[in-house]
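Reading through the C-alpha cells given below for one structure.
Treat the numbers as computed from the prediction; the structure is a model and nothing was measured. Order of the sequence lines sets the chain letters (A, B, ...), proteins ahead of strands, with each chain counted from 1.
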Number of protein chains: 2
Amino acid sequence: MKYDLTKKRTRGAQRTLRAFSQTMLRLLAKKPFEEINVNEICEFCDFPRATFYNYFDDKYDLVNYCWYVLAEKVRIDEAKELNPSEIVITYFDRLYDLFENNSELVSGILHHNQLSGSLVNSFTNYLRNLAHQIFLEVFGDLKFDIPVELIVDQCSATILILIEWIFLKEKPTTREQAHHYLAVLLGDESTFSMSDSSQSKS
Amino acid sequence: MKYDLTKKRTRGAQRTLRAFSQTMLRLLAKKPFEEINVNEICEFCDFPRATFYNYFDDKYDLVNYCWYVLAEKVRIDEAKELNPSEIVITYFDRLYDLFENNSELVSGILHHNQLSGSLVNSFTNYLRNLAHQIFLEVFGDLKFDIPVELIVDQCSATILILIEWIFLKEKPTTREQAHHYLAVLLGDESTFSMSDSSQSKS
DNA sequence: GCTATACTTAGACACTTGTACAACCTTTAC
DNA sequence: GTAAAGGTTGTACAAGTGTCTAAGTATAGC
C-alpha cells in the first residue's frame, strides 16, 4: 500500500479510496480477478493510472484493501472479558453476519471467481489471520496441554472452514446448527479443558 | 500447464521439465518469488523463453509443477484399509518425512520468502488439497455426526498447521510429540467417534 | 481568505508478459 | 535407417506494468 492508512484522510483521498475499492468489487462480480487489469479499473472509475499508483502497489494491493474495508465491522474487539469458547463463537457470529449482509456481493464474486482460486483464498486468508490475531490476544495468557499457537491456528482454521462451507460452498445452515458443528469440530470441552489453568471456574 | 503430464514424456521433455523446475527451486532459495521473472529463469538454465512457454503458462504454473514434483512421494496411496485416525497419522508422517528430507531446500526458500507470503502459502495449499482428496476418499463411506466434508477439511487443515508449526515456524518437534499434538487437536477419540457407523470395531 | 500541504494528472519510459509462427533439431518406433 | 512425431529456437508483436517528473488543482486549518 502506497497510501498511509493510519494518518487521517482528506476528503479527496477518502473519495478516491472509496472509488477504487468499489470499482474492484464491482468488477469482481463481472469477471475473474486475473482478467481485471489496472487500466480497466481506472477506466471504470475515471481516474488516471497515475492516481491508482498513488494509492496502491498493484491490483493485489487494492483487493487486499477491499478485504480491509469489508472486514471493518468484524475487527471491533471488545474481547478479553469472554472465555475462549465464547470468543470463538462471537467471532464466528460476526463472520456469519458479514457474509449474510453481503450475500449479493459474495454470490457475484463466486460466479466469476472459482472457490479455490487465489482471489477467494486471499479473502478467507485475510479473515483467518484476523481471527488468529484476536484469539492469540485472548488465549495468550492461558495454559493448554499443547502450544497455544496450535490451538489458535486450529480455531481460526475451523471457523473459516465452517464459513466457507456455509457461504462459499453454499450449504445453507442456521446459526444454531453451525454452532453445533463448531462445538463438535472443536471437541466440545475437550480442547478447551486447560491442563490446570489460572481461571478454571469463574 | 501447456504440457500434458499424462502422456509419456520423451527424453527431451523430461530434461526440460527437470531443468525448469530445478531452476525455479534454486532461484527460490536465492530471492523472493515476486522478484523472479521468466527471463531470469530462462537465462539461468539456458533455455529460450519460447521453450518455457511451450511447457508452462507462467511462473505460477511452473511453481505449481514444482510442488507436484516435490509431493510425488506423498501422493502414493495404498490407503483404504486403514481407519480414519490411522490414515491421518500416516499422511502426517509422510509430510514429516518430506520436510525432513528437504530441509535445506525449505530453509533456503524461507530465507527469501516470508512465511505467510503467497509463495509458501501456495505450497501448503497444495499439500492440504492433497490431504483433502485422500481423506475424502477414505472417510467418504463413513457416517459422522456432522457433514464429512467438514471433518475432512478440518483434518487436512490441522495436519498442515502442525507441519507449518514444526518446519516453517521452525519449532523442532519429535514425531511422537507431534502425534500427541495431533491427537489432542483432533479431540482424541471424540471427533472420530462416528454416531453408529458401519464398521465400529474391525 | 490564504497558505502549506495533500492529492491529481498527463505523458514518457524501460521493462515484462504471453502469443504466434516458421525453421530447425531430436527422438521414437517401425 | 528413415519417416513422422515431438521439441526447440529466434524473432516479432501487442499489451500490460510500475516508476518518475513537473505542473496543476483541491483541501484543511489557521
Side-chain angles (χ1 to χ4, degrees), chain A residues 1-24 27-28 30-66 69 112-113 117-119 122, chain B residues 1-24 27-28 30-66 69 112-113 117-119 122:
Chain A
M1 194 96 182
K2 300 260 180 61
Y3 189 84
D4 179 5
L5 286 178
T6 60
K7 75 177 175 188
K8 71 163 174 292
R9 281 152 251 186
T10 64
R11 195 135 54 100
Q14 201 71 264
R15 211 189 312 128
T16 312
L17 280 168
R18 250 190 89 80
F20 278 120
S21 56
Q22 291 301 316
T23 298
M24 178 52 105
L27 287 177
L28 281 176
K30 269 194 161 181
K31 46 157 60 185
F33 180 63
E34 306 86 59
E35 287 176 23
I36 299 172
N37 59 41
V38 176
N39 290 318
E40 197 176 357
I41 297 168
C42 295
E43 275 165 32
F44 197 97
C45 58
D46 274 309
F47 278 90
R49 269 159 47 76
T51 302
F52 178 91
Y53 285 110
N54 283 343
Y55 286 86
F56 309 103
D57 297 315
D58 48 35
K59 64 175 183 166
Y60 300 91
D61 196 29
L62 167 55
V63 94
N64 198 57
Y65 174 72
C66 291
V69 171
H112 296 283
N113 295 273
S118 62
L119 189 268
S122 81
Chain B
M1 193 96 184
K2 300 259 180 61
Y3 188 84
D4 179 4
L5 288 177
T6 60
K7 74 176 177 188
K8 70 162 175 293
R9 281 153 250 184
T10 63
R11 198 134 53 100
Q14 202 71 265
R15 209 191 312 128
T16 314
L17 281 167
R18 249 189 89 81
F20 277 120
S21 56
Q22 291 300 318
T23 298
M24 177 53 104
L27 288 176
L28 281 177
K30 268 194 161 178
K31 45 158 59 184
F33 181 64
E34 306 84 60
E35 287 176 22
I36 298 172
N37 60 40
V38 176
N39 289 319
E40 198 176 356
I41 297 168
C42 294
E43 275 165 31
F44 196 96
C45 59
D46 274 310
F47 279 88
R49 267 161 47 77
T51 303
F52 178 90
Y53 285 110
N54 283 342
Y55 285 85
F56 308 103
D57 297 315
D58 47 36
K59 64 174 183 169
Y60 300 92
D61 195 28
L62 167 55
V63 95
N64 200 56
Y65 174 72
C66 291
V69 171
H112 296 282
N113 294 274
S118 63
L119 190 268
S122 81

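In the 5' to 3' direction, nucleotides of DNA chain C lying under 4.0 Å from heavy atoms of chain B begin and end at C/dT16 to C/dA29.
Taking 4.0 angstrom as the limit, B/Thr10 places none of its side-chain polar atoms (N or O) nearer than this to OP1 or OP2 of D/dA5. Between A/Tyr53 and D/dG18 there is a side-chain N or O to OP1 or OP2 distance below 4.0 Å. Taking side-chain N and O atoms only, A/Lys2 has no distance below 4.0 Å to OP1 or OP2 of D/dC20.
Crowding of B/Arg18 atom CZ: a count of heavy atoms from other residues, nucleotides or ligands under 6.0 Å not exceeding 12.
The main-chain N or O of B/Tyr53 is found under 3.5 Å from a side-chain atom of B/Lys2 such that the two form a donor-acceptor pair. Using modelled atom types, no side-chain atom of B/Lys59 and backbone atom of B/Met24 make a donor-acceptor pair closer than 3.5 Å. Side-chain atoms of B/Asn113 never come within 3.5 Å of backbone atoms of B/Pro32 as a donor-acceptor pair (strictly under, hydrogens ignored).
Here the CG-CD distance, from B/Asn37 to B/Glu43, works out to 8.0 Å after rounding to the nearest 0.5 Å. A/Cys45 SG to A/Arg15 CZ: the interatomic distance, rounded to the nearest 0.5 Å, is 12.5 Å.
Residue contacts for B/Lys59: at a heavy-atom cut-off of 4.0 Å it reaches no nucleic acid atom on any strand shown. Residue contacts shown for B/Tyr55 are limited to sugar-phosphate atoms, with no base heavy atom under 4.0 Å away. Across all strands shown, A/Arg15 has heavy atoms under 4.0 Å from sugar-phosphate atoms exclusively, and none from any base. Using a 4.0 Å heavy-atom criterion, one finds that B/Tyr3 contacts the sugar-phosphate atoms exclusively. Residue contacts shown for B/Asn37 are limited to sugar-phosphate atoms, with no base heavy atom under 4.0 Å away.
Heavy-atom distances to DNA chain C give each of A/Ala13 and B/Lys8 a nearest nucleotide, and the one nearer the 5′ end belongs to A/Ala13. Comparing B/Asn54 and B/Arg9 by the nucleotide of DNA chain C whose heavy atom lies nearest to each, the residue mapping closer to the 5' end is B/Asn54.
Checked options A/Phe47, A/Tyr3, A/Phe20, A/Tyr65; the residue passing with A/Phe52 is A/Phe20 (criterion: ring pair (Phe, Tyr, Trp, His ring centres under 6.0 Å)).
Taking every heavy atom of residues 43-50 of chain B and every atom of DNA chain D, pairs under 4.0 Å involve B/Phe47, B/Pro48, B/Ala50, by number.
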Begin from the C-alpha positions of B/Tyr60 and A/Glu34 and carry the test side-chain contact (heavy atoms from CB on, under 4.5 Å) through to its verdict.
CA-CA 12 Å; B/Tyr60 300 92; A/Glu34 306 86 59; over 6 Å; no
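Inter-axis angle, ends of the helix from C/dG1-D/dC30 to C/dC30-D/dG1, five pairs per end, rounded to 10 degrees: 40°.
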